Amino acid sequence: MSAAGRRGLIVAIDGPSGAGKSTITKLLADRLGYIHIDTGAMFRTVALAASRAGIAPDNDASLAGLCADLEIAFVRNNGCCRVTANGEDVTDAIRTPAISALTSAISARKVVRDVLLRLQRHMAREGGVILEGRDIGTVVFPDADVKFFLSASVEERGRRRYLELKAKGQEVSLDETIAAVARRDEQDSGREHAPLRRADDAVDIDSTGLSIEEVLDRMESIVRERERAFPGG
Ligand code: DC
């Protein structure tokens, strides 16, 4: 999508699980006054709905029907972004380890990716948005104005996810969590449709050992510079 007819930039943030994408994207969106679209949450919502409906992750016909009847939306509530599925707040229900594992399988299905691809393009059509995911800069918006590839070592990402889950009172071990992150990396990178891949023109940000503020400052200055070159910017 070209810049003409849009009111702001389209910023793509891709990277593996646990690289800090959600935290960074939310804070960067706040700093810039952009809309934040968490595409992982959209895949998670489909996985949750499939799990509740007892649909196996390889049952494409049922998944297609499920997606057709599922309305996913992001709603702001007390300054915090909630995810709803047909009006039900599923923000917490989509973050369990079981749903994370199922989402990895569900997100490999072309039938699901096609539906969410259309929805993501529609949600971002006016610009002034940051989308975070795995294939934003490569498939969803190959012409995005700014592309970042945010990564961190697998140990660091596993450790962060472990602390997150513990803080929510979930019983997990550090080794298991690191292993689960490594498994998801493999699944997300090795799948046939829209695998996790860095876009050739993405700016690499390795957050290992960097504070959130340092990462944000770096990314914000790159977006601000691009904004100045945007029509009307
Ligand atoms: O970012 P996350 O951990 O919430 O993503 C959940 C799963 O969805 C993960 O297995 C990768 C997948 N995903 C994807 O395939 N494409 C995206 N654009 C976003 C997430």
Side-chain angles (χ1 to χ4, degrees), residues 10-26 28-29 36-51 57 63 67 70 72 74 81-83 85 90-124 129-142 144 147-152 154 156-165 168 170 172 177-199 202 207:
I10 292 180
V11 178
I13 304 186
D14 291 304
S17 304
K21 284 193 309 289
S22 294
T23 309
I24 297 290
T25 310
K26 182 183 175 310
L28 187 62
H36 169 196
I37 301 176
D38 175 355
T39 65
M42 298 167 79
F43 284 100
R44 286 171 180 274
T45 301
V46 175
L48 177 70
S51 147
L63 284 174
C67 288
L70 191 63
I72 303 172
F74 293 102
C81 203
R82 313 292 297 175
V83 192
V90 294
T91 315
D92 299 319
I94 61 174
R95 301 272 161 207
T96 64
I99 294 300
S100 296
L102 183 62
T103 307
S104 202
I106 292 268
S107 65
R109 309 307 296 182
K110 187 171 185 311
V111 63
V112 174
R113 300 207 74 85
D114 286 349
V115 172
L116 293 190
L117 172 74
R118 279 197 299 277
L119 185 55
Q120 288 156 17
R121 285 187 178 157
H122 182 75
M123 285 173 153
V129 296
I130 311 186
L131 298 105
E132 54 151 315
R134 303 294 190 289
D135 60 338
I136 309 301
T138 51
V139 175
V140 184
F141 284 108
K147 298 180 189 178
F148 292 107
F149 194 81
L150 188 64
S151 60
V154 70
E156 170 100 3
R157 291 185 285 122
R159 200 180 54 81
R160 290 178 190 164
R161 183 68 32 123
Y162 168 77
L163 293 175
E164 247 173 58
L165 293 172
K168 286 184 194 156
Q170 295 186 19
V172 285
T177 313
I178 294 176
V181 168
R183 264 197 310 278
R184 281 173 64 202
D185 277 2
E186 240 178 73
Q187 277 187 38
D188 295 344
S189 310
R191 69 181 175 220
E192 183 185 352
H193 304 295
L196 169 64
R197 192 170 60 74
R198 179 190 171 284
S207 70

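Remember, predicted model here, so these are calculated numbers, not experimental data. The figures here come from the full heavy-atom set of this structure, side chains too, leaving out hydrogens, waters and symmetry mates. First listed ligand is number 1; within each ligand, the first listed atom is number 1. Position 1 is the first residue of the sequence, and the numbers go up from there.
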Within the 4.0 Å heavy-atom shell around [X], which atoms of ligand 1 are there?
X      : value
Ser104 : 10 (O)
Arg113 : 14 (C), 15 (O), 16 (N), 17 (C), 18 (N)
Arg95  : 4 (O)
Gly40  : 4 (O), 5 (O), 19 (C), 20 (C)

Look at atom 19 (C) of ligand 1 and say which protein heavy atom is nearest, naming residue and atom and giving the distance to 0.1 Å. Thr39 OG1, 3.4 Å
Starting from atom 12 (C) of ligand 1, which protein heavy atom do you reach first, and at what distance in Å? Ser107 OG, 3.5 Å
Are the side chain of Lys21 and the backbone of Ile13 linked by a donor-acceptor contact shorter than 3.5 Å? no
Tell me if a side-chain donor or acceptor on Arg44 pairs with a main-chain N or O of Ile94 at a distance below 3.5 Å.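 Yes, Arg44 side chain to Ile94 backbone: donor-acceptor pair under 3.5 Å.
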How long is the gap from OG1 on Thr45 to CZ on Phe74, to the nearest 0.5 Å?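 Taking OG1 in Thr45 and CZ in Phe74, the distance rounds to 7.0 Å.
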Could you tell me the separation between the SG atom of Cys67 and the CZ atom of Arg118, rounded to the nearest 0.5 Å? 9.5 Å
For Ala108, which residues count as a side-chain contact (heavy atoms from CB on, under 4.5 Å) partner, sequence neighbours excluded?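 For Ala108, the residues satisfying side-chain contact (heavy atoms from CB on, under 4.5 Å) (neighbours in sequence not counted) are Arg191.
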Going by distance only, is there an N or O of [X] that falls short of 3.5 Å from an N or O of ligand 1?
X      : result
Thr103 : no
Arg134 : yes
Asp38  : no
Ser17  : no
Arg44  : yes

When you look for heavy atoms under 4.0 Å from ligand 1, do you find them on the side chain of [X], its backbone, both, or neither?
X      : value
Arg184 : side chain
Gln187 : neither
Arg183 : neither
Arg191 : side chain

Do Arg161 and Glu164 sit within salt-bridge range, that is, some charged N less than 4.0 Å from a carboxylate O? yes
With a 4.0 Å cut-off on N to O distance, would you call Arg109 and Asp114 a salt bridge? no
Atom of His36, atom of Ala29 and distance for their closest heavy-atom approach: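 Looking at all heavy atoms of both residues, the shortest contact is CB-CB, 3.9 Å.
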Leu102 and Ser51 have their tightest heavy-atom pair at CD2-CB, 3.6 Å
Side-chain donor-acceptor pair under 3.5 Å between Ser207 and Arg160, yes or no?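 There is such a pair (donor and acceptor under 3.5 Å, judged by atom type) between the side chains of Ser207 and Arg160.
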